[in-house]
Novice: 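Below is one structure. I have some questions about it.
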Amino acid sequence: MRRSTGLLLVSALGISATACGSGEPATSSAGGAKAVTITVACQPAKSAPKERQAWDDDVATFMKAHPGVTVKSTDQQPCFDPKTFGPKLAGGQMETVFVVPVTNYGDVIGQGQALDVTQYTGAVKNWNDLRSDVRELVTRDGKVYGVPNVHYSVGLVYNRALFTKAGLDPNTPPKTWAEVREAAKKIAALGPGYVGYGEYSGGNTGGWHFTQAIYGRGGAILTPDNKKAAFNSPEGKAVLQNLHDMRWMDNSMGSKLLVGWESLMMAMGSGKVGMMLGAPDVVTDVVNKFKGNVADYGITGFPEARASLSGGEAFMINPKATPEEARAGLEWVDFRFNTVGKGRFDFARGKADGNPVGVPDNDVYGDSATGKAIQADRVQNASLPVQNYEPYVQAAAAIPPKAEPVHAQELYAILDVVMSGVLSRKDASIDQLLADAETKANSMLAAKG
């Protein structure tokens with residue numbers, strides 16, 4: 001979940017000595033006598049050579065335009081990993097510029113592990129065009145602690161080629177869970193190895209997808225005061241019963257338990273998984289990182305959605321960064337991630353590289369002038385028929401967004417057990433799984449205060 005999706009382990013992160021060039025002589029990239037070196041997260045992996053080359057080209061272009069600034073990249077993928085994020089942050093290994101998912105904003109900001117960058121926001125030239133509600137998420141007591149980079153809501157990602165092969169119309173994807181179930185059975189019937197509907201069972205992704213599904217049915221993870229679990233409910237039971245029946249009655253979900261983020265994405269990229277819940281950037285990642293056929297994927301609205309999980313991520317600056325490092329870091333974020341026609345928004349380059357240009361995979365700028373310019377450029381350089389994503393665009397505009405719960409990652413880990421139980425044991429008791437998870441969640445919430 002890059003995003004997706006953000007799967008960062010919420011931990012009790014202490015403020016420790018940090019890395020990222022602290023102690024190095026530095027000046028503003030505007031050009032003083034001394035050099036400044038910054039480390040930046042999220043360089044594409046070597047397994048994605050075209051994307052990595054584009055990144056490296058951007059680094060070179062940026063350094064040429066900012067004499068005296070040296071950019072060093074780290075290529076950990078996904079660039080936020082729940083297993084390494086906490087130790088890196090607490091142990092002083094975090095980059096100058098690093099990524100934080102929305103679920104962790106409060107912890108990172110509250111514990112002093114992100115720099116107050118209020119005085120540097122002018123380095124992001126389109127700052128005022130960023131959606132105000134998204135900017136508010138990185139603001140505490142009037143101070144800004146990050147630059148929003150991703151905002152998304154969930155839909156149903158599907159393989160149009162498999163729909164056609166199974167005798168389904170890819171232009172009329174499912175709108176209800178009953179239709180999802182019928183489509184999944186037809187796709188699974190194509191033969192060994194075909195999975196009609198893919199789902200996670202662990203690695204915090206199982207609980208994350210449970211949250212997506214229960215939100216869609218109108219349920220909640222927590223009570224309104226965030227003090228008690230609320231998922232042991234008719235909506236929660238309906239989510240699990242549907243998965244149980246698809247897995248064990250229909251045999252449409254395959255027999256392999258999918259744990260971490262990469263497992264389902266790899267399966268989707270193999271061309272043998274028909275559907276999964278996800279944000280539009282799933283299409284981009286499946287194609288770029290997991291070798292899916294660029295023409296095969298579409299996305300539609302969340303089935304029967306009463307609400308849709310929304311989430312995102314932001315770039316933050318290491319609190320030990322010098323003023324010069326902080327400004328250079330924000331200038332990098334501006335160039336690579338917030339400039340129309342450049343960096344990640346260089347759709348012409350993306351099209352030439354064979355990327356799936358045309359996916360509506362971000363909404364941090366909304367309908368501002370910058371947002372409209374980005375969308376126009378995306379459509380102009382689209383390598384995919386944008387109509388394939390129109391059902392999602394229309395549905396997302398009408399479905400109320402709902403944020404991830406507080407203490408999301410702890411809750412997701414607890415709910416992983418529920419998802420794994422239903423998908424691994426035919427005789428699993430849904431009532432017992434939910435009751436046990438409720439007890440654990442309430443104990444965790446009580447301990448959090």
Side-chain angles (χ1 to χ4, degrees), residues 2-5 42 44 50-51 53-55 57-58 61-62 65 121-135 147-155 157 160 171 278-288 294-301 308 310-315 330-399 401:
R2 179 173 134 195
R3 315 290 285 186
S4 152
T5 66
C42 296
K50 291 183 179 179
E51 290 71 33
Q53 185 61 56
W55 172 285
D57 290 345
D58 286 343
T61 299
F62 176 81
T121 56
V124 181
K125 292 184 285 294
N126 297 325
W127 175 258
N128 290 328
D129 274 2
L130 287 163
R131 285 173 42 171
S132 60
D133 58 338
V134 178
R135 278 187 283 139
V147 181
N149 186 53
V150 171
H151 181 78
Y152 70 85
S153 61
V154 170
V157 180
R160 294 173 58 87
N171 294 319
D281 66 334
V282 165
V283 176
T284 305
D285 284 346
V286 164
V287 171
N288 288 351
V294 71
D296 285 352
Y297 302 97
I299 181 166
T300 188
S308 177
S310 65
E313 66 186 30
F315 281 108
L330 267 292
E331 288 172 345
W332 162 253
V333 170
D334 175 64
F335 170 75
R336 169 70 189 183
F337 299 98
N338 290 276
T339 301
V340 178
K342 301 293 184 183
R344 66 162 167 173
F345 294 131
D346 188 344
F347 297 121
R349 178 176 66 186
K351 182 178 182 179
D353 286 346
N355 291 340
V357 178
V359 178
D361 64 351
N362 206 347
D363 196 28
V364 288
Y365 281 103
D367 62 356
S368 67
T370 298
K372 291 176 180 176
I374 290 169
Q375 178 61 11
D377 204 16
R378 178 186 284 119
V379 171
Q380 181 180 349
N381 290 285
S383 60
L384 300 177
V386 293
Q387 63 268 24
N388 286 2
Y389 312 103
E390 192 61 24
Y392 169 83
V393 172
Q394 295 299 323
I399 298 171

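Being a predicted model, the structure only gives us computed values, none of them experimental. Computation of the quantities below employed the complete heavy-atom set of this structure, encompassing side-chain atoms and omitting hydrogens, waters and symmetry-equivalent molecules.
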Novice: Run the side-chain contact (heavy atoms from CB on, under 4.5 Å) check on Val364 and Arg131 step by step: do they pass?
Specialist: CA-CA 6 Å; Val364 288; Arg131 285 173 42 171; 5.9 Å; no
Novice: Rounded to the nearest 0.5 Å, what separation is found between the OG atom of Ser368 and the CD1 atom of Ile374?
Specialist: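 If I round to the nearest 0.5 Å, the distance is 7.0 Å.
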Novice: Just how far is it from atom OG1 of Thr370 to atom CG of Leu130, taken to the nearest 0.5 Å?
Specialist: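 Atom-to-atom, Thr370:OG1 and Leu130:CG are 8.0 Å apart.
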Novice: Step by step, would you call Val359 with Arg378 a side-chain contact (heavy atoms from CB on, under 4.5 Å)?
Specialist: CA-CA 8 Å; Val359 178; Arg378 178 186 284 119; over 6 Å; no
Novice: Whether the side chain of Thr339 engages the backbone of Asp334 through a donor-acceptor N/O pair (distance < 3.5 Å, no angle test) should be reported.
Specialist: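 Looks like yes, one N/O pair under 3.5 Å.
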Novice: Side-chain contact, heavy-atom cut-off 4.5 Å: Trp127 with Pro148?
Specialist: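 Touching, per the 4.5 Å side-chain cut-off.
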Novice: How long is the straight-line distance from CZ of Arg344 back to CG of Asn149, given to the nearest 0.5 Å?
Specialist: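 Reported to 0.5 Å precision, the distance equals 4.0 Å.
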Novice: Could you report the tightest heavy-atom contact between Gly298 and Tyr389, atom names first, then the distance?
Specialist: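 In this case the closest contact between Gly298 and Tyr389 is CA-CE2, 3.8 Å.
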Novice: Return yes if a side-chain donor-acceptor contact under 3.5 Å exists between Asn338 and Tyr365, otherwise no.
Specialist: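 Their side chains do contain a donor-acceptor pair, which is all the 3.5 Å distance test asks for.
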Novice: Is the backbone of Lys351 close enough, under 3.5 Å, to the side chain of Ser383 for a donor and an acceptor to pair up by distance?
Specialist: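 Judged by distance alone, no pair lies under 3.5 Å.
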Novice: Using every non-hydrogen atom in the two residues, find where Tyr297 and Asn388 come nearest and quote the distance to one decimal.
Specialist: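 Heavy atoms only, the tightest pair is O-ND2, 4.4 Å.
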Novice: What residues, two or more places apart in sequence or in another chain, satisfy side-chain hydrogen bond (donor to acceptor under 3.5 Å, both in side chains) together with Trp55?
Specialist: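 Per chain and number, Trp55 pairs via side-chain hydrogen bond (donor to acceptor under 3.5 Å, both in side chains) with Ser73.
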Novice: Return the minimal non-hydrogen interatomic distance between Arg160 and Asn171, and the atom names on each side.
Specialist: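 Taking Arg160 first and Asn171 second, the nearest heavy atoms are NH2-OD1, 2.9 Å.
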Novice: Can you list everything that forms a salt bridge (Lys or Arg N to Asp or Glu O under 4.0 Å) with Arg135? Sequence neighbours excluded, please.
Specialist: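 Scan of Arg135 (salt bridge (Lys or Arg N to Asp or Glu O under 4.0 Å), adjacent residues dropped) gives none.
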Novice: Taking C-beta and beyond as the side chain, do Glu390 and Val386 meet within less than 4.5 Å on heavy atoms?
Specialist: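 No, side chains not in contact.
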Novice: Quick one: does Gln53's side chain get under 4.5 Å of Asp353's, heavy atoms only?
Specialist: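 In short, these two side chains do not touch, never coming nearer than 4.5 Å.
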Novice: Measuring from Phe347:CZ to Asp377:CG, what's the distance to the nearest 0.5 Å?
Specialist: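 Separation between the atoms: 6.5 Å.
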Novice: Taking it one step at a time, do Thr121 and Leu330 satisfy side-chain contact (heavy atoms from CB on, under 4.5 Å)?
Specialist: CA-CA 7 Å; Thr121 56; Leu330 267 292; 6.0 Å; no
Novice: For Gly301 and Ala395, work out which heavy atoms get closest and say how close.
Specialist: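 Closest heavy-atom pair between Gly301 and Ala395: CA-CB, 3.5 Å.
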Novice: Any idea which heavy atoms bring Val357 and Gly350 closest together, and the distance?
Specialist: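 For Val357 and Gly350, the tightest heavy-atom pair comes out as CG2-C, 3.8 Å.
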Novice: So Phe315 and Phe337, would you call those rings parallel, tilted or perpendicular, with 30° and 60° as cut-offs?
Specialist: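 Tilted, since the angle between the ring planes falls between 30° and 60°.
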Novice: What are the two closest non-hydrogen atoms of Val157 and Gly278, and how far apart are they?
Specialist: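 Heavy-atom minimum between the residues: CG2-O, 3.9 Å.
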Novice: To the nearest 0.5 angstrom, please state how far the OG1 atom of Thr284 sits from the CG atom of Asn355.
Specialist: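 Reported to 0.5 Å precision, the distance equals 8.0 Å.
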Novice: Can Thr61 and Phe335 be said to form a side-chain contact (heavy atoms from CB on, under 4.5 Å), step by step?
Specialist: CA-CA 10 Å; Thr61 299; Phe335 170 75; 3.9 Å; yes
Novice: Can you sort out the partners of Asp58 under salt bridge (Lys or Arg N to Asp or Glu O under 4.0 Å), two or more places apart, ordered by chain and number?
Specialist: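 Expected list: Arg336, Arg349.
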